[in-house]
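One-based numbering along the sequence shown. Remember, it's a predicted structure, so these values are computed and weren't measured experimentally.
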Amino acid sequence: MPRRDPRVDTYISQAAPFARPVLRRLRKVVHAGCPGVQETIKWGMPHFDYKGPLCGMAAFRQHATFGFWKASLLRGHGLPAPARKAMGQFGCLTSTKDLPSEAHLVALVRAAAALNDAGVKVARKAPVKKAPVRVPAALAAAFARHPKARRAFEAFSPSHRREYVEWITEARREETRDRRVATAIAWLAEGKSRNWKYERGAAAGRAKG
């Protein structure tokens, strides 16, 4: 299989003039650091794979970006922390002067390829467990008078129940809270979720499509 993807050539040729030298430099060092790398296009941007995702680059109107897939494991090799104002770890690239030396970039690519060779995985953060949904007193009192709404609420998924609860508890004024409780009861009596308006619009859009 060819290591170079003609779609990457097209991407570079269509990039803003300032970005073309940056993208060509990045492409060069990736192939120098990992001769077995395979080019591809993912999410509309050039990516480089080698036994799994390796790195990727992109060009925008005013800057280009470059980043490694397993960036968190490359800190000991001199890789900067993730940029706040741009994708990747090298910030907003506007010229080749914004890039580290070719030797340093090649070394980073080699280190990233070695991680993939060894099958090293990036540790995933454990999902944050949310506290159980607690029905506020005002809503619980309303449920006592409207069992149909209560049954509909209890039949919803935890995320849908949480949407109603948070909407009500976020009200700063008592009258606002009471108004939201009344609205919630009316919607629940009809089996509607908190965001039913948006869901209906999305369903209508899919039907038209």
Are the side chains of [X] and [Y] in touch, meaning some heavy atoms are under 4.5 Å apart?
| X | Y | result |
| --- | --- | --- |
| Asp117 | Lys51 | yes |
| Val30 | Leu105 | no |
| Leu23 | Pro46 | no |

With rounding to the nearest 0.5 angstrom, report the [atom1] to [atom2] distance, [X] to [Y].
| X | Y | atom1 | atom2 | result |
| --- | --- | --- | --- | --- |
| Trp69 | Asp49 | CH2 | CG | 9.0 Å |
| Thr10 | Ile41 | OG1 | CD1 | 8.5 Å |
| Arg4 | Phe48 | CZ | CZ | 8.5 Å |
| Met45 | Met57 | CE | CE | 11.5 Å |

Non-neighbouring partners of [X] that pass salt bridge (Lys or Arg N to Asp or Glu O under 4.0 Å), sequence neighbours left out:
| X | result |
| --- | --- |
| Arg145 | none |
| Arg177 | Glu174 |
| Asp9 | Arg27 |
| Arg7 | Asp5 |

Check your understanding: How far apart are the C-alpha atoms of Leu115 and Leu54, what are their side-chain angles, what is the distance that settles it, and do they pass the side chain to side chain contact (heavy atoms under 4.5 Å, CB included) test?
Key -> CA-CA 9 Å; Leu115 290 173; Leu54 188 72; over 6 Å; no

Practice item. Among residues two or more places apart or on two chains, list those pairs meeting side-chain hydrogen bond (donor to acceptor under 3.5 Å, both in side chains) that have a residue in residues 178-191. Key: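 Counting only pairs at least two positions apart or across chains, the side-chain hydrogen bond (donor to acceptor under 3.5 Å, both in side chains) contacts touching residues 178-191 are Glu190-Lys192.
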
Of the non-hydrogen atoms in [X] and [Y], which two are nearest, and what is the gap between them?
| X | Y | answer |
| --- | --- | --- |
| Ala64 | Val22 | CB-CG1, 4.2 Å |
| Ala112 | Leu74 | N-CD2, 3.8 Å |
| Ile12 | Arg20 | O-CG, 3.2 Å |
| Val29 | Leu26 | CG2-O, 3.1 Å |
| Phe90 | Pro100 | CE2-CG, 3.6 Å |
| Gln89 | Gly67 | OE1-CA, 3.2 Å |

Exercise for review: List in chain and number order the residues that pass side chain to side chain contact (heavy atoms under 4.5 Å, CB included) with Arg61, two or more places apart in sequence or in another chain; answer none if no residue qualifies.
Suggested key: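 So Arg61 forms no side chain to side chain contact (heavy atoms under 4.5 Å, CB included) with any residue.
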
Taking side-chain hydrogen bond (donor to acceptor under 3.5 Å, both in side chains) as the test, write out the residues that go with [X], two or more places apart.
| X | answer |
| --- | --- |
| Ser157 | Ser159, His160 |
| Thr94 | Asp98 |
| Arg150 | Glu154 |

**Study point:** Heavy-atom neighbours of Gln62 CD exceed 12 at 6.0 Å
**Key:**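 No, CD of Gln62 has 12 or fewer neighbouring heavy atoms, counting only those of other groups under 6.0 Å.
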
Point to revise | Short side-chain to backbone donor-acceptor contact, Arg194 and Tyr164, under 3.5 Å | key: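 Checking the backbone N and O of Tyr164 against the side chain of Arg194, no donor-acceptor pair under 3.5 Å is found.
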
Practice item. For the pair Lys70 (side chain) and Val120 (backbone), establish whether a donor and an acceptor sit closer than 3.5 Å, ignoring hydrogens and angles. Key: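 Yes, Lys70 side chain to Val120 backbone: donor-acceptor pair under 3.5 Å.
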
Practice item. Report the C-alpha separation of Gln38 and Tyr50 in whole Å, then their side-chain angles, then the decisive distance to 0.1 Å, and conclude whether the side chain to side chain contact (heavy atoms under 4.5 Å, CB included) test is met. Key: CA-CA 6 Å; Gln38 175 67 52; Tyr50 173 72; over 6 Å; no

Check your understanding: Who are the ring-ring contact (aromatic ring centres under 6.0 Å, His included) partners of Phe68, not counting sequence neighbours?
Key ->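 For Phe68 the ring-ring contact (aromatic ring centres under 6.0 Å, His included) partners, ignoring immediate neighbours, are Phe66.
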
**Study point:** Residue pairs involving residues 99-108 (criterion salt bridge (charged side-chain N to carboxylate O under 4.0 Å, His left out); sequence neighbours excluded)
**Key:**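 Applying salt bridge (charged side-chain N to carboxylate O under 4.0 Å, His left out) to every pair that reaches into residues 99-108, excluding sequence neighbours, yields Arg25-Glu102, Lys28-Glu102.
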
Exercise for review: Would you mind listing every ring pair (Phe, Tyr, Trp, His ring centres under 6.0 Å) that reaches into residues 3-43, with sequence neighbours excluded?
Suggested key: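 Listed once each, the pairs are Trp43-His47.
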
